[in-house]
Protein chains: 2
Amino acid sequence: MSEIRERALLEPLEKFLGYQLRRVSAACMAHLANALTAQNLSPTLGTVLLMIKANPGATQARIGRSLAMQRANIAPLIARLEHDGLIVRKVCDGRSFGLACTPKGEALGKRVRQIITDHEAELFRALTEDEQKQLLDLLIKMRGSVAAAS
Amino acid sequence: MSEIRERALLEPLEKFLGYQLRRVSAACMAHLANALTAQNLSPTLGTVLLMIKANPGATQARIGRSLAMQRANIAPLIARLEHDGLIVRKVCDGRSFGLACTPKGEALGKRVRQIITDHEAELFRALTEDEQKQLLDLLIKMRGSVAAAS
DNA sequence: TATTGTTATACTCTATAACTATA
DNA sequence: TATAGTTATAGAGTATAACAATA
């Protein structure tokens, strides 16, 4: 460890929302990824598992649309969750399946939710509860606008 | 286009800051990537270019630390910017180089900054100026806490 | 015709390890 | 010993195109 702290560089994008969003989100995802390693799940896989848990019977196309993921990208994730015995596919209409968690998937989903809750409590403790609520509301307000612009 | 809108799925992570951060950030980055395609730059390359423009003489190691990027990952980006004639490397201390923009890099940097400004104005127009300021302040407040937790 | 699931493929970003050269 | 830059490599996530089967 050098004891001399180097002078910080100027951040020309400091005042840009997109830049700060990216920096905070990236750090947050890295922290969550670390918290989920013991469950052998990435944040993405954990999110898909929780979506299936919350929406039993939904097809992977609908899950994908809801998470803004391509069908082509969600397919291997579903296969992985099924291979791990966390979800099952029930024939839906001949070309699609209704997804649902197995008991093992349900149990893991509960654990994942708790891990995310703990991870967020630690990561966001610098913000007051009011500030956390404010931030959440602003982000949710953004969601509609951002989706429309894409 | 089907005229029947499908029922929205439940979002079990709706109330989680990390989830909303990720969704908004991802959409924002996709939008910016699109806005930068004509300049043949990704958001990451554009950010590195602007960092060099704002901090002439800085080494790539310092740029990388400031952007939370590994030396190994920033090396090819620097090589690419140099190959494109956007930056130059001046010998610094025998094992490192001071980076600086060429006139071409300066000009492109200005254009990139304007593109980002326009992109953000469009994407964040759903928020009032006060809300944008609030969001920025909350994100910046997070930065310190998040960095400490990693 | 449109949708579902799948495969193949490529690209970006990231993470780690190892190496050389220099401080 | 620590740091700078580089290379190799692997992994996650995403994008597009194409295909067969079904609606």
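Chain letters run A, B, ... following the sequence lines, proteins first, then strands; residues in each count from 1. These values consider heavy atoms only, across backbone and side chains, with no hydrogens, waters or symmetry-generated copies.
- Contact annotation: Arg71(A) does not reach the phosphate of dA18(D) (side-chain N/O to OP1 or OP2, under 4.0 Å).
- In this structure, Ser145(A) contributes its side chain and Leu123(B) its backbone to a donor-acceptor pair below 3.5 Å.
- Counting heavy atoms from C-beta on, the side chains of Thr59(B) and Asp93(B) never come closer than 4.5 Å.
- Partners of Glu82(B) by side-chain hydrogen bond (donor to acceptor under 3.5 Å, both in side chains), not counting sequence neighbours, listed by chain and number: Arg89(B).
- Every residue meeting the side-chain hydrogen bond (donor to acceptor under 3.5 Å, both in side chains) condition with Gln114(A), not counting sequence neighbours, appears here in chain and number order: Asp118(A).
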Evaluate the side chain to side chain contact (heavy atoms under 4.5 Å, CB included) criterion for residues Ile87(B) and Thr102(B): first the C-alpha distance (whole Å), next the side-chain angles of each, then the deciding distance (0.1 Å), finally the verdict.
CA-CA 5 Å; Ile87(B) 64 171; Thr102(B) 61; 5.6 Å; no
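- Taking every side-chain heavy atom of Arg95(A) into account, dT4(C) is the closest of dT6(C), dA12(D), dT4(C).
- Checking side-chain atoms of Lys53(B) against main-chain N and O of Leu108(B) turns up no donor-acceptor pair under 3.5 Å.
- In this entry the distance linking CZ of Phe97(B) with P of dT22(C) reads 11 Å, nearest Å.
- Atoms CD1 (Ile74(A)) and C1' (dT7(C)) sit 16 Å apart, rounded to a whole Å.
- One interatomic measurement links the two molecules: CD of Gln60(B) to C1' of dT7(D), which rounds to 13 Å at whole-angstrom precision.
- For Thr59(B), whose side chain is taken as the heavy atoms from C-beta onward, the closest listed nucleotide among dT4(C), dT6(C), dG5(D) is dG5(D).
- Following rounding to the nearest Å, Arg22(A) (CZ) and dG13(D) (C1') show an atom-to-atom distance of 15 Å.
- Residue contacts shown for Arg62(A) are absent, as no nucleic acid heavy atom lies under 4.0 Å away.
- One N or O on the side chain of Glu120(B) and one on the backbone of Leu17(A) form a donor-acceptor pair closer than 3.5 Å.
- Contact check, Ser42(A) against dG13(D): a side-chain N or O comes under 4.0 Å of OP1 or OP2.
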Please list every donor-acceptor pair under 3.5 Å in which a side-chain atom of residues 18-27 of chain A meets a protein atom from a residue at least two apart or in another chain.
unit_1: Tyr19(A); atom_1: OH; unit_2: Glu11(A); atom_2: OE1; d: 2.6
unit_1: Tyr19(A); atom_1: OH; unit_2: Arg23(A); atom_2: NH1; d: 2.8
unit_1: Gln20(A); atom_1: OE1; unit_2: Arg143(B); atom_2: NH1; d: 2.7
unit_1: Gln20(A); atom_1: NE2; unit_2: Glu14(A); atom_2: O; d: 2.7
unit_1: Arg22(A); atom_1: NH2; unit_2: Thr47(B); atom_2: OG1; d: 2.7
unit_1: Arg23(A); atom_1: NH1; unit_2: Ser66(B); atom_2: O; d: 3.1
unit_1: Arg23(A); atom_1: NH2; unit_2: Ser66(B); atom_2: O; d: 3.3

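- Non-hydrogen atoms lying under 4.0 Å from DNA chain D are contributed by nothing in residues 79-90 of chain A.
- The Arg65(B) side chain lies nearest to dA4(D) when the options are dA23(C), dA4(D), dG5(D).
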Using a cutoff of under 3.5 Å, can you pull out all pairs of nitrogen or oxygen atoms linking the protein to nucleotides 14-17 of chain C, with atom names and distances?
unit_1: dA15(C); atom_1: N7; unit_2: Asn73(B); atom_2: OD1; d: 3.0
unit_1: dA15(C); atom_1: N7; unit_2: Asn73(B); atom_2: ND2; d: 3.0
unit_1: dA15(C); atom_1: N6; unit_2: Asn73(B); atom_2: OD1; d: 3.0

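- Using a 4.5 Å heavy-atom cutoff, the side chains of Asn55(B) and Arg62(B) are not in contact.
- Distance CG (Leu45(A)) to C1' (dA12(D)): 10 Å, rounded to an integer number of Å.
- Atom pair Leu41(B):CG and dC11(C):C1' shows a separation of 15 Å (rounding to whole Å applied).
- Atom-to-atom, CG of Leu77(A) to C1' of dT6(C) comes out at 13 Å; the value is rounded to the nearest Å.
- Both Pro43(A) and Gly94(A) lie near DNA chain D, and the one whose nearest nucleotide falls closer to the 5' end is Pro43(A).
- Checked against salt bridge (Lys or Arg N to Asp or Glu O under 4.0 Å), Lys133(B) has the following partners two or more places apart in sequence or in another chain: Asp137(B).
- Atom-to-atom, CG of Asn40(A) to P of dG11(D) comes out at 13 Å; the value is rounded to the nearest Å.
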